[in-house]
Structure formats: C-alpha cells, structure tokens
There are 2 protein chains.
Amino acid sequence: MSKTSRNTIARQKILELINSKKTAISHSSLQEELEGVCDRVTTYRVLERLVNESLIHRIVNVNGVVNYAPCQTCSHKEQHIHQHIHFSCISCGTIRCITDHPIAITLPENYSATEYQLTIAGTCPECL
Amino acid sequence: MSKTSRNTIARQKILELINSKKTAISHSSLQEELEGVCDRVTTYRVLERLVNESLIHRIVNVNGVVNYAPCQTCSHKEQHIHQHIHFSCISCGTIRCITDHPIAITLPENYSATEYQLTIAGTCPECL
DNA sequence: TTTATATTTGCAACAGAGTTGCGTTATGAG
DNA sequence: CTCATAACGCAACTCTGTTGCAAATATAAA
C-alpha cells in the first residue's frame with residue numbers, strides 16, 4: 001500500500017503553474033514564479049512526487065538541464081513511458097513536447113527499454 | 001582563422017583513454033583514471049576542445065549526467081550531427097552508442113534540428 | 001468537531017558538476 | 001633558439017540537487 005499524497009498549497013500552485021504553460025519549465029524558473037509560496041527544497045520534493053504520480057514528466061535537455069511538463073497523451077495508470085520527442089529551441093529557449101508526430105525507434109535484440117529521453121535542439125517555427 | 005590546437009600530454013592521455021573504451025565515460029571517472037595527469041579543470045577544458053574538434057561527442061544521460069564517447073561513424077569535417085541512439089543500462093551503468101541500428105525521426109514542418117540527444121535507459125543484453 | 005498520526009515543510013548544511021580569473025608553464029611556428 | 005600564445009594549475013565561485021531533523025499541517029478516524 002502506497003502512502004496517500006496530500007493536497008498541499010505548494011503542490012496545488014506548482015501543478016497549476018506547470019499545467020498553465022505550453023512549454024516545459026525548469027525548477028529555477030518555477031521557483032521564481034512561485035514567489036515565496038514555498039522553499040526551493042519543497043519545490044524539488046513536490047516535483048518528485050508529481051513525477052511519481054505521473055501528473056508531470058521530466059525532460060532532460062541537450063545541455064543536461066532538467067525541465068518539467070504536464071502529462072497529456074499518456075495514460076496515468078500503467079507503464080507511463082514517454083516515447084515522444086522534446087524539441088528545445090536554441091533561439092527562444094522554449095522546450096516543447098512533440099506528441100503528435102510519429103517516431104520509429106527499435107533497439108537491437110535483447111535490449112529492454114524502460115525510459116526514453118529523445119530531445120532535439122534546433123530552431124522552432126516561431127524563430128525560423 | 002581558428003587558433004591551433006596544441007597536442008599536450010593531458011590531451012593525448014584523455015583522448016587515448018576515451019578511445020580505448022567500448023562505452024562512454026563521465027568526467028569524474030575519467031579524472032580518476034587519469035591519476036594526477038592533470039587538474040580537473042584542465043580535463044573539462046580538454047574535453048570541450050575535443051568536442052569542438054569532433055573527435056569525441058557528449059552524451060547526456062536520462063538522469064542529466066554528461067558522458068563522453070569517441071566519434072566513430074560520423075564525418076569529422078561537416079555538420080557532425082549524431083543521430084544515433086545512446087543506450088544507458090540501469091543495471092551495469094554503462095552507456096553505449098547504438099550506431100548500427102536504424103531510427104526514423106521526422107519533425108513537423110518548419111522545425112530545424114541541429115543537435116540530437118536520443119538516450120534510452122533500460123537493461124542491456126549482458127544484464128538481462 | 002476534536003484528536004491522532006503520518007506526510008509535508010523550512011532551514012541549514014552538504015555534495016557534485018561545471019565555470020571563471022589570473023599568474024605561470026610549455027607547445028610549436030618561424 | 002626564440003617567442004607569442006595556447007594550455008595549465010590553483011583558488012574561488014555558481015548552480016543544481018540532496019539530506020537530516022524539528023516544526024507545521026493535511027487527512028482519516030474517533
């Protein structure tokens with residue numbers, strides 16, 4: 001039996017903020033926008049919880065910076081594997097999920113995949 | 001005109017070490033194996049140089065940790081885009097380039113790609 | 001509504017990765 | 001061999017993320 005997740009103010013605001021964005025957001029940007037709602041450590045812990053509950057997902061950018069985006073297309077019950085592309089614009093800095101585009105990736109024999117990080121950097125349509 | 005790159009002892013040893021590995025290696029592991037050859041800052045700077053010269057490439061793991069691997073299949077002259085999968089084994093910790101396997105990724109209209117980070121975590125054949 | 005308890009929080013301190021400035025060393029072109 | 005400058009070592013710093021612990025609080029049960 002897993003422990004119950006409590007609906008605290010910090011949790012509400014953080015989830016609200018992430019869901020209100022069209023693009024992914026980093027911990028530090030999030031912290032700025034929270035403006036004293038909670039400590040930065042709390043933000044880290046809330047983000048961890050939300051990821052575990054499959055309400056948001058982590059995106060590791062090409063430079064290694066972690067960003068967070070809401071889960072839209074994925075089922076929140078089962079495996080929860082994010083097999084879609086993340087596009088990181090080097091001009092405007094935004095990171096966007098490309099969920100409506102097909103990708104075909106197959107691994108060689110006897111490789112078993114549990115997590116995908118498919119990030120592509122370049123220039124987005126707005127900046128081209 | 002670009003400035004000339006000098007063939008220093010640190011550079012030699014670092015490139016040698018990376019080329020001798022079948023799997024990617026992190027800065028810290030590299031530093032351990034160098035055993036006093038050079039300062040850790042120098043290692044960072046040499047790695048940056050080698051990446052710019054397209055002799056090695058950076059792999060960002062699913063957890064955000066940066067690793068380095070030799071460039072094999074890519075031409076060292078032109079664009080130097082690494083459009084291949086990196087597999088990170090959650091059991092033995094090794095990171096390997098899957099260069100001999102086809103992948104099909106297309107972006108939507110008006111997206112221009114300059115850098116790929118396609119990392120998949122899971123269990124490798126040796127650990128399965 | 002009140003109480004009990006386990007979750008969550010804030011704070012302080014820490015750990016690891018990576019960067020910068022600067023004075024010194026040493027590579028390699030002439 | 002000489003010399004300009006690339007590369008180095010060291011110290012100090014920034015940024016991201018983590019941990020331990022006591023205090024606060026959300027939620028389920030009384």
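Basis for what follows: all heavy atoms, side chains included, without hydrogens, waters or symmetry-related copies. Letters A, B, ... are given to chains in the order of the sequence lines, protein chains preceding strands, and every chain is numbered from 1.
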Participant: Can you check whether any acceptor in the base of C:dT8 is under 3.5 Å from a donor in the side chain of A:Arg11, or vice versa?
Facilitator: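 A donor-acceptor contact between them is absent.
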
Participant: As a test of reading the structure: which of C:dG10, D:dG17, D:dA11 is closest to the side chain of A:Cys38, going by heavy atoms?
Facilitator: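 When the side chain of A:Cys38 is considered, C:dG10 is the closest of C:dG10, D:dG17, D:dA11.
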
Participant: Rounding to an integer number of Å, can you tell me how far A:Leu30 CG sits from D:dG17 C1'?
Facilitator: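 Rounding to the nearest Å, CG of A:Leu30 and C1' of D:dG17 are 15 Å apart.
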
Participant: Toward the 5' end of DNA chain C, which comes first, B:Asn7 or A:Ala10, by nearest nucleotide?
Facilitator: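 Result of the comparison: A:Ala10.
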
Participant: If you define the side chain from C-beta out and look only at heavy atoms, does anything of A:Ser26 sit under 4.5 Å from A:Ile95?
Facilitator: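 When only atoms from C-beta onward are counted, A:Ile95 and A:Ser26 do not touch, as no gap falls below 4.5 Å.
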
Participant: Please report the distance, rounded to the nearest Å, between CZ in A:Arg6 and C1' in D:dA28.
Facilitator: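 From A:Arg6 CZ to D:dA28 C1': 9 Å.
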
Participant: Please determine if a side-chain N or O atom of B:Thr4 lies less than 4.0 Å away from the OP1 or OP2 oxygen of D:dA6.
Facilitator: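 Looking at the OP1 and OP2 atoms of D:dA6, neither is under 4.0 Å from any side-chain N or O of B:Thr4.
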
Participant: Given side chain to side chain contact (heavy atoms under 4.5 Å, CB included), test B:Ser5 with B:Arg11 step by step and report yes or no.
Facilitator: CA-CA 10 Å; B:Ser5 184; B:Arg11 190 193 134 108; 3.1 Å; yes

Participant: Between B:Ser28 and C:dA17, does any side-chain N or O lie under 4.0 Å from OP1 or OP2?
Facilitator: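 Yes, such a contact exists.
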
Participant: Let me know the distance between CD1 of B:Ile9 and C1' of D:dG9, rounded to the nearest Å.
Facilitator: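 Taking atom C1' of D:dG9 as the reference, CD1 of B:Ile9 is at 14 Å.
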
Participant: Can you confirm whether B:Ile105 sits close enough to B:Leu118 that some side-chain heavy atom of one is under 4.5 Å from a side-chain heavy atom of the other?
Facilitator: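 Heavy-atom side-chain distance check passes, below 4.5 Å.
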
Participant: Ignoring hydrogens and angles, are the base of D:dG9 and the side chain of B:Arg45 linked by a donor-acceptor pair under 3.5 Å?
Facilitator: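 Answer is yes: a donor-acceptor pair is held.
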
Participant: Taking for each residue the nucleotide of DNA chain C with the nearest heavy atom, is it A:Arg40 or A:Val46 whose nucleotide lies nearer the 5' end?
Facilitator: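 The answer here is A:Val46.
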
Participant: Pick from B:Glu33, B:His27, B:Glu35: which one makes a side chain to side chain contact (heavy atoms under 4.5 Å, CB included) with B:Gln31?
Facilitator: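 So the option named by the test is B:His27.
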
Participant: Under 4.0 angstrom, heavy atoms only, what part of the nucleic acid is A:Val65 near: base, sugar-phosphate, or nothing?
Facilitator: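 Answer is nothing: A:Val65 stays at 4.0 Å or more from every strand.
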
Participant: Counting just side-chain N and O atoms, does A:Ser5 come under 4.0 Å of either OP1 or OP2 of C:dT8?
Facilitator: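 Answer yes for this pair, as a side-chain N or O of A:Ser5 is under 4.0 Å from OP1 or OP2.
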
Participant: Given atom CG of B:Asp39 and atom P of C:dT25, what is their separation to the nearest angstrom?
Facilitator: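 About 15 Å, once rounded to whole Å.
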
Participant: Could you tell me how far apart B:Ile25 (CD1) and C:dA17 (P) are, to the nearest whole angstrom?
Facilitator: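 My rounded result for the distance is 13 Å.
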
Participant: Atom CG of B:Leu47 and atom C1' of D:dA7: how far apart are they, to the nearest Å?
Facilitator: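 Between C1' of D:dA7 and CG of B:Leu47: 14 Å.
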
Participant: Does the D:dA7 base have a donor-acceptor partner in the side chain of B:Arg49 within less than 3.5 Å?
Facilitator: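 Looking at the base of D:dA7, it does not pair with any donor or acceptor on the side chain of B:Arg49 (distance under 3.5 Å).
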
